[in-house]
Amino acid sequence: MMLNDRPYPDWHEGLTIQGVIEHMNFTWPKLVTKVNGQLVWPEDYPNVVLAEDDDLKIHHLLAGG
């Protein structure tokens, strides 16, 4: 699995987006998350199981304007 264009070495069967966020200690209040280019809403993070060949992007928003 790729996380933000880098190999994610801790992939395992049943891994969810929520699991990645917790493992990486991402604590930002606003995250934009995509799996294989598809937007995933925060309420779905615990339910989206990641495959070994998935491309996960997690970006945090710093400011708006």
Side-chain angles (χ1 to χ4, degrees):
M1 187 189 83
M2 299 293 285
L3 172 61
N4 296 337
D5 299 321
R6 294 185 176 166
Y8 183 77
D10 296 318
W11 180 87
H12 59 274
E13 199 71 38
L15 181 65
T16 64
I17 294 173
Q18 187 66 41
V20 172
I21 290 170
E22 290 172 3
H23 180 261
M24 298 298 293
N25 294 315
F26 292 161
T27 58
W28 301 290
K30 303 285 184 186
L31 296 174
V32 176
T33 303
K34 291 183 177 183
V35 176
N36 301 324
Q38 297 283 76
L39 183 66
V40 179
W41 295 102
E43 58 267 17
D44 295 327
Y45 293 171
N47 304 318
V48 176
V49 177
L50 299 163
E52 189 173 8
D53 61 345
D54 279 345
D55 180 30
L56 176 62
K57 303 272 197 261
I58 301 176
H59 302 284
H60 62 96
L61 302 177
L62 295 175

V32 reachable from W41 in the ILVMFWY side-chain graph, under 4.5 Å edges: yes

Is the shortest side-chain heavy-atom distance between L3 and M24 below 4.5 Å? yes

Which residue in the set T16, V20, V40 passes side chain to side chain contact (heavy atoms under 4.5 Å, CB included) when paired with Y45? V40

I'd like to know whether CD of E43 has more than 12 heavy-atom contacts from other residues, nucleotides or ligands below 6.0 angstrom. yes

Pick out which of T33, L31, D44 makes a side chain to side chain contact (heavy atoms under 4.5 Å, CB included) with I17. T33

Any chain of hydrophobic side-chain contacts (each under 4.5 Å) joining V48 to M2? no

Parallel, tilted or perpendicular: which one describes the rings of H60 and W28, with boundaries at 30° and 60°? parallel

According to a 4.5 Å side-chain heavy-atom criterion applied to Ile, Leu, Val, Met, Phe, Trp and Tyr, with indirect links allowed, do L39 and L61 form part of one hydrophobic cluster? yes

Give a yes or no on whether V49 and I21 share a hydrophobic cluster (residues Ile, Leu, Val, Met, Phe, Trp, Tyr; joining criterion: side-chain heavy atoms under 4.5 Å apart). no

Measure the spacing between CZ of F26 and CD1 of I58 and express it to the nearest 0.5 Å. 5.0 Å

Do you know which two heavy atoms are closest between M1 and D54, and how far apart they sit? CG-O, 3.3 Å

Can you list everything that forms a salt bridge (charged side-chain N to carboxylate O under 4.0 Å, His left out) with D55? Sequence neighbours excluded, please. K57

Tell me whether W11 contacts the main-chain N or O of L50 through its side chain, where contact means a donor paired with an acceptor under 3.5 Å. yes

Calculate, to the nearest 0.5 Å, the distance between atoms CG and NZ belonging to L62 and K30 respectively. 13.0 Å

